[in-house]
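Positions are given from 1, in the same order as the sequence printed here.
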Amino acid sequence: MTADEHAERFTLLRPLLFTIVYEILGSATESDDVLQDSYLRWAGVDLATVRDTKSYLARLVTRQALNAVRAGARRREDYIGPWLPEPLLLDEHDASTDVVLAESVSMAMLVLLETLTPDERAVFVLREVFAFDHDDIAAAVGESVAAVRQVAHRARAHVQARRKRFEPVDAAQITRLTEQFMAAAATGDTDGLLSLLAPDATWTADSGGKATASRRPVVGAEKVAALLIDLFRADRSMPDMRMELVNCNNAPALAAYHGDHLEGVFLIEITDGEITNFYAIRNPDKLLAVAVPRQISR
């Protein structure tokens with residue numbers, strides 16, 4: 001077998017492998033590192049021993065992702081302020097029509113998955129999103145099939161109990177509400193903002209202590225509206241500030257630029273026609289990932 005065949009098989013499955021790792025780690029940058037390390041391991045594998053390339057590589061990257069989670073546990077514990085997943089800028093041609101995949105990479109779902117243990121998260125992602133069988137998952141996480149079934153049941157119940165019950169919001173409605181929000185915030189229209197916000201709307205900002213941002217979530221429509229008005233008023237005082245609509249995590253998001261420098265990415269969660277959550281990514285380390293459009297696959 002040649003190195004070209006190793007590369008061809010890996011490249012063909014890379015969008016799928018990236019998506020698995022990203023959903024386990026919540027970090028596009030770390031996912032790239034895991035895939036690079038996984039490829040080096042894959043390059044030394046005798047392909048004659050590989051019966052199913054997809055299952056083999058899924059197991060390989062899952063093991064490496066779990067190693068990365070454990071290695072980074074201390075950094076998470078010492079993180080300043082709320083920790084949010086890195087926003088995932090999707091290729092404009094890669095807006096998924098796969099409802100399961102679209103939900104699985106949404107910021108709301110990734111935040112929810114953060115409440116699982118690493119093994120629960122890996123098992124949930126592999127089983128519920130990618131429909132791998134229990135044998136493959138057991139090999140990936142180093143547990144028995146019986147244990148994996150128990151973990152899968154526990155993780156599924158945890159997610160279902162916390163997942164909001166609502167019909168999927170279509171892209172047109174998300175875009176319309178996002179544009180209405182931008183217009184209200186940009187013009188200082190407090191009443192307009194309040195009409196879009198759920199009463200318990202929440203603003204969560206992730207700066208890692210490296211940018212100016214609230215270190216605790218802001219809860220309540222009036223408080224969130226006031227914060228947004230102040231934020232956009234400050235932006236208007238700088239003539240080279242601009243907002244762009246981008247596709248992050250399979251939904252419209254706002255990217256704030258100061259000149260050519262990306263200052264923040266703001267993702268909006270909509271439930272039953274109201275904005276329920278804002279996720280503000282201000283940590284400059286996490287914003288680096290937004291410069292590279294990605295492809296996802298299931």
Side-chain angles (χ1 to χ4, degrees), residues 1-76 85-86 88-91 93-94 96 98 100-101 104-105 110 113 116-152 155 288-289 291-298:
M1 299 293 180
T2 66
D4 286 346
E5 186 168 353
H6 282 87
E8 183 178 344
R9 294 194 193 187
F10 195 92
T11 301
L12 181 64
L13 290 168
R14 195 182 194 286
L16 164 69
L17 302 176
F18 174 85
T19 312
I20 291 172
V21 178
Y22 175 69
E23 293 191 19
I24 293 173
L25 294 178
S27 166
T29 306
E30 290 182 17
S31 297
D32 286 337
D33 292 340
V34 165
L35 290 192
Q36 182 176 0
D37 183 61
S38 297
Y39 179 75
L40 294 176
R41 294 171 183 271
W42 167 246
V45 171
D46 180 358
L47 295 183
T49 66
V50 178
R51 288 188 290 181
D52 184 330
T53 302
K54 178 180 175 182
S55 295
Y56 188 99
L57 285 174
R59 293 195 300 267
L60 174 60
V61 300
T62 297
R63 286 195 294 268
Q64 296 305 111
L66 288 173
N67 288 340
V69 169
R70 293 169 186 130
R74 183 58 185 269
R75 292 199 308 274
R76 291 282 186 93
E86 281 182 6
L88 186 67
L89 180 65
L90 294 183
D91 186 288
H93 304 298
D94 194 36
S96 176
D98 182 325
V100 173
L101 180 60
S104 72
V105 297
L110 292 171
L113 292 178
L116 300 175
T117 68
D119 280 358
E120 287 174 342
R121 185 167 182 166
V123 169
F124 179 86
V125 167
L126 291 174
R127 183 63 184 166
E128 299 300 317
V129 181
F130 298 99
F132 282 97
D133 63 40
H134 292 98
D135 289 340
D136 283 330
I137 299 171
V141 301
E143 297 284 354
S144 68
V145 172
V148 162
R149 290 183 185 276
Q150 291 180 343
V151 171
L288 291 174
V292 183
R294 314 280 177 159
Q295 287 186 318
I296 56 174
S297 179
R298 191 160 77 99

**Message:** Checking Glu23 against Ser104 for the side chain to side chain donor-acceptor pair (under 3.5 Å) test, could you report, in this order, the C-alpha distance in whole Å, the side-chain angles of both residues, the deciding distance, and whether it holds?
**Reply:** CA-CA 7 Å; Glu23 293 191 19; Ser104 72; 2.6 Å; yes

**Message:** Suppose we screen for salt bridge (Lys or Arg N to Asp or Glu O under 4.0 Å). Which residues come up paired with Arg149, at least two apart in sequence or across chains?
**Reply:** none

**Request:** Quick one: pull up CD in Glu143 and CD1 in Ile137 and give me the separation to the nearest 0.5 Å.
**Result:** 12.0 Å

**Message:** Nearest 0.5 Å, please: how far is CG in Leu25 from CG in Asp32?
**Reply:** 10.5 Å

**Complete:** Rounded to the nearest 0.5 angstrom, the OH-CG distance for Tyr39 and Leu60 is 12.0 Å

**Request:** State the CG-OG1 distance between Leu288 and Thr29, to the nearest 0.5 angstrom.
**Result:** 6.5 Å

**Message:** So does Arg127 get a backbone contact from the side chain of His134, meaning a donor-acceptor N/O pair under 3.5 Å?
**Reply:** no

**Asked** Does Arg75 have any side-chain contact (heavy atoms from CB on, under 4.5 Å) partners at least two apart in sequence or in another chain, and if so, which?
**Response** Glu30

**Request:** Please name all residues satisfying salt bridge (Lys or Arg N to Asp or Glu O under 4.0 Å) with Glu8, sequence neighbours left out, ordered by chain then number.
**Result:** none

**Prompt:** Nearest 0.5 Å, what's the CZ-CG distance between Arg9 and Leu57?
**Reply:** 9.0 Å

**Asked** Using the ring of each side chain (for Trp, its six-membered ring), is Trp42 parallel, tilted or perpendicular to Tyr56, with breaks at 30° and 60°?
**Response** tilted

**Prompt:** Counting N and O atoms only, with roles assigned by atom type, does the side chain of Ser27 sit under 3.5 Å from a partner on the main chain of Glu86, one being a donor and the other an acceptor?
**Reply:** no

**Prompt:** Which distance, rounded to the nearest 0.5 Å, do you find between the CG of Leu116 and the CZ of Phe124?
**Reply:** 7.5 Å

**Request:** Mind running side-chain contact (heavy atoms from CB on, under 4.5 Å) on Ile296 and Leu88 for me, showing each step along the way?
**Result:** CA-CA 10 Å; Ile296 56 174; Leu88 186 67; 3.8 Å; yes

**Request:** State which residue, out of Val125, Leu126, Val34, fulfils the side-chain contact (heavy atoms from CB on, under 4.5 Å) condition with Thr62.
**Result:** Leu126

**Message:** Please check this pair: side chain of Ser31 against backbone of Tyr22, looking for a donor-acceptor N/O pair closer than 3.5 Å.
**Reply:** yes

**Item:** Partners meeting salt bridge (Lys or Arg N to Asp or Glu O under 4.0 Å) with Glu120 (sequence neighbours left out)
**Value:** Arg154

**Prompt:** Taking only residues two or more places apart in sequence, or in another chain, which ones meet Val292 in a side-chain contact (heavy atoms from CB on, under 4.5 Å)?
**Reply:** Arg294

**Item:** Residue pairs passing the salt bridge (charged side-chain N to carboxylate O under 4.0 Å, His left out) test where at least one lies in residues 47-68, sequence neighbours excluded
**Value:** Arg59-Asp136

